[in-house]
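Encoded as structure tokens, the structure appears first; notes follow it.
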Amino acid sequence: MGDGNIDKFIRVLRELGFTTYESKVLACLSLRREALKVSELSMMTDLPRTKVYSVISSLNEEGFVKVHSGRPLKVSAPSPNEMASLLAERVIENARARLNVISRLYSLNLDEGLWIFERSIIPVRGENVISKMARIIINSAKERINLVISEKNVNLIPKLPNIDIRAVLETPSIQPRLGIPKVNCRVVGKHGIFMISNERACILSDEGLKSGVYASEGPLLSALLNLFRGLYNSGSPVIS
């Protein structure tokens, strides 16, 4: 079991929400593929035995480890391949939980509140959910709003605040309906995209708002903002 493999495994587990101690114990057990005594786990993970017992208890409750009866107490975990399936289920459950939070926020008719979704990537479905999240992004913007709009969804855009706004449009006729200065608009023709972003978050979907993704996590958010810049720079200005 190379140090590189276990370090990578621990890093992935941390990104999935496990604590540092849980990640160390789970990675060690999964890569060893055998039942280990608490004393062995303590030595391999450089954790006190009392902490190992506590971690085992929490992981056992979540179904990630198996505690074998007998003395001395031994613990095992699924192999990395089996663990991948369990972790995928955890990701799905976390996504469902976040979507439930979103639904509750909508029921409160909040216009702001993206702080609860910081550093998040959330799949979203349906015009109602996507349009509401778009309005939240618009209303919480402090410096800039980027829009990618088509004839199919221009009517979903609320009154825009008086800040820097850039827009990628399907046709020039959309510009006066949004009230954005012509100099800040670019026309690219048929694009099939609905996209709203500010300095902290972005929502991207098909133009029919059937399914999409909300992102406020660094790398993906940066990639989506780069996508907008590419579309904007490739477009033609709105001519009077």
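The model shown is predicted, which means the values in this text are computed figures rather than measured ones.
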Practice problem: List, by chain and then residue number, the residues other than Leu225 in its hydrophobic cluster (Ile/Leu/Val/Met/Phe/Trp/Tyr, side-chain heavy atoms under 4.5 Å); write none if there are no others. | Solution: Leu221

Quiz prompt | Derivation and outcome, side-chain contact (heavy atoms from CB on, under 4.5 Å), residues Leu169 and Leu178 | solution = CA-CA 10 Å; Leu169 310 176; Leu178 292 174; 3.8 Å; yes

Exercise. First locate atom CD1 of Ile130, then atom CZ of Arg125, and finally report the distance between them rounded to the nearest 0.5 Å.
Key: 9.0 Å

Quiz item: When you measure from the side chain of Asp206 to the backbone N and O of Ser211, does any donor-acceptor pair fall under 3.5 Å?
Solution: yes

Quiz item: Taking side chain as C-beta onward, heavy atoms only, is Val213 less than 4.5 Å from Val124?
Solution: no

Quiz prompt | Given Thr171, Ile157, Val168, the one that forms side chain to side chain contact (heavy atoms under 4.5 Å, CB included) with Ile149 | solution = Ile157

Practice problem: Answer with yes or no whether the hydrophobic clustering places Met43 together with Ile56; edges join I, L, V, M, F, W, Y residues whose side-chain heavy atoms lie under 4.5 Å apart. | Solution: no

Self-check item: Sidechain-backbone polar pair: Asn184 side chain, Ile165 backbone, donor-acceptor under 3.5 Å
Solution: yes

Quiz item: Is there a side-chain contact between Met195 and Cys202, using heavy atoms and a 4.5 Å cut-off?
Solution: yes

Quiz item: Under a 4.5 Å cut-off applied to non-hydrogen side-chain atoms, are Lys182 and Pro237 in contact?
Solution: no

Quiz item: Under 4.5 Å between any side-chain heavy atoms of Leu73 and Tyr53, yes or no?
Solution: yes

Quiz item: Are Ile145 and Pro161 side-chain neighbours, meaning at least one heavy-atom pair lies under 4.5 Å?
Solution: yes

Quiz item: Distance-only, no hydrogens or angles: does the Ser42 side chain make a donor-acceptor pair with backbone N or O of Val38 under 3.5 Å?
Solution: no

Quiz item: Say you draw a straight line from CD of Glu22 to OG of Ser58; how long is it, rounded to the nearest 0.5 Å?
Solution: 4.0 Å

Quiz item: Does any N or O in the side chain of Asn153 come within less than 3.5 Å of the main-chain N or O of Leu156, such that one atom is a donor and the other an acceptor?
Solution: no

Quiz item: Does Asn226 CG have over 12 foreign heavy atoms under 6.0 Å away?
Solution: yes

Quiz prompt | Under-4.0 Å salt bridge between Lys190 and Glu151 | solution = no

Quiz item: Between Arg14 (side chain) and Phe18 (backbone), is there a donor-acceptor pair under 3.5 Å?
Solution: yes

Exercise. Could you pull out all residues at least two apart from Glu61 that satisfy salt bridge (charged side-chain N to carboxylate O under 4.0 Å, His left out)?
Key: none

Practice problem: Taking the side chain as every heavy atom from C-beta outward, state whether Arg177 and Asn155 have any atom pair closer than 4.5 Å. | Solution: yes

Practice problem: Indicate yes or no for a side-chain donor-acceptor contact from Glu40 to the backbone of Lys37 under 3.5 Å, with no hydrogens or angles considered. | Solution: yes

Quiz item: Roughly how far, to the nearest 0.5 Å, is the CG atom of Leu59 from the OH atom of Tyr21?
Solution: 14.0 Å

Quiz item: Can you tell me how far the NZ atom of Lys159 sits from the CD1 atom of Ile138, to the nearest 0.5 Å?
Solution: 13.5 Å

Quiz item: From Glu170 CD over to Ile193 CD1, what is the distance, rounded to the nearest 0.5 angstrom?
Solution: 11.0 Å

Quiz item: Is the side chain of Ser150 donor-acceptor paired with the backbone N or O of Glu207 at a distance under 3.5 Å, no angle test?
Solution: no

Practice problem: Report the distance from atom OH of Tyr214 to atom OG of Ser197, rounding to the nearest 0.5 Å. | Solution: 11.5 Å

Practice problem: Report yes or no: does Arg186 contribute a side-chain atom to a donor-acceptor pair with the main-chain N or O of Val183 at less than 3.5 Å? | Solution: yes

Quiz item: With a 4.5 Å heavy-atom cut-off, do Arg135 and Pro158 have their side chains touching?
Solution: yes

Quiz item: So, does Asn198 use its side chain to make a donor-acceptor pair with the main chain of Ile137 at under 3.5 Å?
Solution: yes

Quiz item: Checking Glu143 side chain against Asp164 main chain: does a donor-acceptor pair fall under 3.5 Å?
Solution: no

